[in-house]
4 protein chains.
Amino acid sequence: MKIAVIGVGYWGPNLVRNLLANKSVSEVYCFDINPKRLRFIKHQFPSVSVVDNYKDILKNSKISGICIATPTSTHFPLAKMAIEYDKHILVEKPFTVSISEAETLIELARRREVSLLVDHIFMYNGAVRKIKEIIDSGEIGDILYFDAVRINLGLFQHDVNVLYDLATHDISIMLYLLKKNPKALSAIGVGHYNTIEDIAYLTMFFDDSCIAHFHVNWLAPVKVRRILIGGSKKMILYDDMETVEKIKIYDKGVEIKSKEGIYKTLIEYRTGDMYAPKFDTTEPLFLVIDEFIDSIKNGAEPLSNGRIGLEIVKILNAAQKSLKNNGCMVALK
Amino acid sequence: MKIAVIGVGYWGPNLVRNLLANKSVSEVYCFDINPKRLRFIKHQFPSVSVVDNYKDILKNSKISGICIATPTSTHFPLAKMAIEYDKHILVEKPFTVSISEAETLIELARRREVSLLVDHIFMYNGAVRKIKEIIDSGEIGDILYFDAVRINLGLFQHDVNVLYDLATHDISIMLYLLKKNPKALSAIGVGHYNTIEDIAYLTMFFDDSCIAHFHVNWLAPVKVRRILIGGSKKMILYDDMETVEKIKIYDKGVEIKSKEGIYKTLIEYRTGDMYAPKFDTTEPLFLVIDEFIDSIKNGAEPLSNGRIGLEIVKILNAAQKSLKNNGCMVALK
Amino acid sequence: MKIAVIGVGYWGPNLVRNLLANKSVSEVYCFDINPKRLRFIKHQFPSVSVVDNYKDILKNSKISGICIATPTSTHFPLAKMAIEYDKHILVEKPFTVSISEAETLIELARRREVSLLVDHIFMYNGAVRKIKEIIDSGEIGDILYFDAVRINLGLFQHDVNVLYDLATHDISIMLYLLKKNPKALSAIGVGHYNTIEDIAYLTMFFDDSCIAHFHVNWLAPVKVRRILIGGSKKMILYDDMETVEKIKIYDKGVEIKSKEGIYKTLIEYRTGDMYAPKFDTTEPLFLVIDEFIDSIKNGAEPLSNGRIGLEIVKILNAAQKSLKNNGCMVALK
Amino acid sequence: MKIAVIGVGYWGPNLVRNLLANKSVSEVYCFDINPKRLRFIKHQFPSVSVVDNYKDILKNSKISGICIATPTSTHFPLAKMAIEYDKHILVEKPFTVSISEAETLIELARRREVSLLVDHIFMYNGAVRKIKEIIDSGEIGDILYFDAVRINLGLFQHDVNVLYDLATHDISIMLYLLKKNPKALSAIGVGHYNTIEDIAYLTMFFDDSCIAHFHVNWLAPVKVRRILIGGSKKMILYDDMETVEKIKIYDKGVEIKSKEGIYKTLIEYRTGDMYAPKFDTTEPLFLVIDEFIDSIKNGAEPLSNGRIGLEIVKILNAAQKSLKNNGCMVALK
């Protein structure tokens, strides 16, 4: 199978490397509007075929699928053309800028019967999957809150703000792990160097008292990737900066002993052992590529499909609306 | 000098211990409505004099000052009586529930010429004072953001929510460190076990693009006390859970190289050394008591005076208003 | 019951505090050759009775037991006198300087029928006891090695070296946890400021291939208290500097798949979950005092008795011999 | 320039990758006795030329240099042949098993005028070089001790013990950083699964009171790479497992205030700021390859030359002798 990668900037080379490592892929084509990046990729991976323009890829009927790793604002036109040429597509996150773009691509892919995978890579991450397994087993109980922090210095994006860049990951993790969907959200952010927000805080609300909060920041001196999930039975800490013990399950909680009027709630704390489960450490992108290739071969729907991509675009759009209106509450349908 | 402590529950014994350690204090009186706690304090500190009712303390003209460490909602009546009996007062944080209560006490203390100290203890903390020194020196540059996280399991309060309980500390630190005052705020929170919020997120806005955010949580499996302060020149991480290196100053930042239209801002990152300054480790409460005694002796205004206490009550009241209105923006005057 | 504390320098005040907290203790007497320390203890604990000379304590027939917290070299004469006056004794670690001193005290205590407790405090530590419970259950398998690091800056002792000061703790932990006794040892150390070693490394050998190693250092910029215990089935990390997760049990190990000649051993690694068990956090010294009081009342042999104290003195003496002979191997009987 | 890599097991692929990234290298040849590994390397790096037997490489006059990444015991015969064919050589650490082998290779390389680089990679590590810079500046003062810990689970070697495998790195770092050479050593170790030691402790002595200690272990549940360097003025902690702050310089020390007899030394502790200097993060192996290529081009002596390799082999041989004699002291000439 022959696959092309469009955009070999920061992330594209990882796609190329994992495509080359896939047994079913016989040839990898690369295109980038920046000739420097094309020379770089050719030097790094001498076996790839670099191409001068996108059309050559589209017209090459031997190429089955196209991976799009360009700036977010260009996803839609590039993906649309690809589908129109009957190529299966893998689109980097976030899927598109607008909701209608996402809907158009989903409908088009359905009609043309091509695979559509949006690369929400954390859905393929061994630690996240282990957490899903634990939550699904009921061990944690009901989810009381989801709190994500993803901060570091840079990389400033030019066409999307820090929510689109960083929160996208945590939103995809939340949707994957929780069995309930947010009903409304509120977002606040500021841009210190131009109109693009470099710090943002996003809060989501559910039908019950569950709350989700996301802190993303391009201006932090330290790199933090931490998710806290509070359950009615146990609590989870997922710290992606830990080298080994990334997941910790705390046998901790609160129990109501009696409840007689507002000032009389008697609360007891429970503290037991902590454990750090072993999890699969296969490179997530290897699994993403594997599933993409598989979906091309067998027509199976990928886990991270267009519908998930669209759902996240809807949330990001609502967040953007709230952001521009001083954090007003925006309903999610 | 003779000093009384009203309320010897969770915090009161610390006041007693530090009063006993103060050279100018010759006798310490204690009162609590719970006789068990009075027996406990007498066992722990056999030299204190326990008293059966508050009136005996008020009427005892040899007692110069009263420290009030009771639930927040009782601060006002107890402090008012104390001042009316011409006692100098130290009130635990937060000062009062309502703004008018705080204003009444300030005015009363002024008229009766007694000292009024609100125990915002972090203003006396060696690490916080070292950070103030560094910010005041100009080393950090302009403050771009202030992000505080104060989470742990428990202790649920019965009369105030997690913002009043935990965020109070971080708000006092922020007001102490920053030379600018917030102009508006937005707060969001949920209560999982009763109507009192156990998780809350508070955001504050300033005249410039500075933003402050506070995450407080009584339901977290891990204890976190972390403040990030981003400056235009350097950045600070204050991690109070570190045993030694609580303050880290990062020579990190962002520089704008050119700015031609929204998509063309060229940003460069700067990364240099980090250093962890040594700071004074005197117990903050010892310094609080020392200043209280000093203010009684010399009439000097304490650093953490009624005005600071009032300012924080105003912020907490505005936060409460926002909390009850889905996080709507509330202006601060 | 009335108890006396001899020596209220660095450690003595902790004994006083825990004696005062014990329900069976009605009065605490203190003596120190330094009048400053006596004044300090009286100020800190106004209810204690300070005494001008040791004889008054010895002759006071109402005093049942004496706790000796003086420099190591003075333990023997002070303890001997105490026993001769029929006082029950608690001696700080290490028990004595020489083996014969320890033997004399044990024999004397036996004849006079008084309790003798050597304060090897880690035998009363909740984390250490939890580790013992786990090892005793067989979960860890056979012990392959015991590696202890106890380093920090200071406090330099004047009469004993860093092995006597710091390694004593780890040796007591090792003897308590392992069911086997070392057969020989080797010790190496240097003194940078005088003849007293401030850095030392001690290795112990057993009948099987188990090895124990101790690194102690008064000149380290960081405080480390870490014990690694390798078992044939699982491995333990005990990090006393962690605030909460002090014990970690790793389901890790090595399995031999085949063994055909020296170069052909096929080894496989096994890695599973890690867990951090909850443990009792009662202050160890409270339990030590409780057991001492109990042994006076009921004549029960304390866990940390003279025999343990003697065993450790034998090891320290052998280590000293090795230290003075360039780390030569010294047999332990 | 054309370069060959002999042995593409665990480490060889890293050599190949860095050779391919070097601008002066036009072709990379690979040989391994295991055809599976040759197929693996060809799949991973399609541009390399794989070769069926070593002779083809030796006889190919277009190949200038050979990198030898085979088991330690084979270094000598393979390197000898390479030099006899006038190839420049890069040999993985440790250089050889015996001292005479190392001496033979050095002499042969000198006569044949070929470059000889022993890959002691930490001499090219940015953090280690930054530490050297700091020590050389005099900031640390005299070195009082050097304490290295390098432990983890596996990888068991088949032909050399844990000292040859792991301590080699720390010995090379010590020789590089300290301006003084050890005069004697003592080593102790045990093998739990066969006669090859999987845990070892090595101590080295100098003309002054400086002491160096190395703890290496293949049976540890956690990965530790930590070096403590105590200086008379400041102290260094180098923790290679930290993601960013690998080097910490502590302004800590001990000062002698008076010295009147053994029991009267008055010692004071000094504690100031800590700082974590920024350092070059270029991949060390890239610099090693660069220097090897450079030495071929210009005949310049590499930093990590045969003499360093020999010195380390001498230390390892002495350690082996001590290990087999219960840790007896062995002099180093």
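Lettering follows sequence order; numbering is per chain, from 1.
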Exercise. Under 6.0 Å from the CG atom of C:Asn34, do we count more than 12 heavy atoms belonging to anything else shown?
Worked result: yes
Problem set entry | Residue part contacting chain D, namely of C:Ile151, when any heavy atom lies under 4.5 Å | side chain
Exercise. Which residue, C:Lys233, C:Arg270, C:Lys234, forms the side chain to side chain donor-acceptor pair (under 3.5 Å) with C:Asp251?
Worked result: C:Arg270
For this session: Could you tell me which portion of C:Leu237 (side chain, backbone, both or neither) has an atom closer than 4.5 angstrom to a non-hydrogen atom of chain D?
Result: side chain
Exercise. What residue, out of C:Pro221, C:Cys328, C:Ser232, has the most heavy-atom pairs lying under 4.5 Å from chain D?
Worked result: C:Pro221
Exercise. Which of the residues C:Val254, C:Val149, C:Val190 is involved in the greatest number of heavy-atom pairs with chain D at under 4.5 angstrom?
Worked result: C:Val254
Exercise. Is atom NZ of C:Lys278 surrounded by more than 12 heavy atoms (other residues, nucleotides or ligands) closer than 6.0 Å?
Worked result: no
For this session: Check each atom of D:Leu144 against the heavy atoms of chain C and say whether the ones under 4.5 Å are side chain, backbone, both or neither.
Result: both
Problem set entry | Part of C:Ile199 within contact of chain D (heavy atom distance under 4.5 Å) | side chain
For this session: Let me know if C:Ala184 has heavy atoms under 4.5 Å from chain D in its side chain, its backbone, both or neither.
Result: neither
Seminar exercise, completed: Pair count under 4.5 Å, heavy atoms only, with chain D: among C:Val222, C:Leu228, C:Ile188, C:Thr203, highest is C:Ile188
Exercise. Taking atom OG of D:Ser186 and atom NE2 of D:His213, what is their separation to the nearest 0.5 Å?
Worked result: 8.5 Å
Problem set entry | Region of C:Arg226 in contact with chain D, defined by heavy-atom distances below 4.5 Å | side chain
Exercise. Checking heavy atoms, do the side chain of C:Leu219, its backbone, both or neither come under 4.5 Å from chain D?
Worked result: both
Exercise. What is the distance from atom CE of C:Met274 to atom CD1 of C:Ile236, rounded to the nearest 0.5 Å?
Worked result: 13.0 Å
Problem set entry | Check: C:Asp147 and C:Ile211 side chains under 4.5 Å, non-hydrogen atoms | no
Exercise. Among C:Gly327, C:Ala220, C:Gly230, C:Gly253, which has the most heavy-atom pairs under 4.5 Å with chain D?
Worked result: C:Ala220
Exercise. Is chain D contacted by the side chain of C:Asn217, its backbone, both, or neither, given a heavy-atom distance below 4.5 Å?
Worked result: side chain
Seminar exercise, completed: Between C:Asp240 and the options C:Lys246, C:Arg225, C:Lys223, the side chain to side chain donor-acceptor pair (under 3.5 Å) test singles out C:Lys246
Exercise. Is any side-chain heavy atom of C:Lys180 less than 4.5 Å from a side-chain heavy atom of C:Cys210?
Worked result: yes
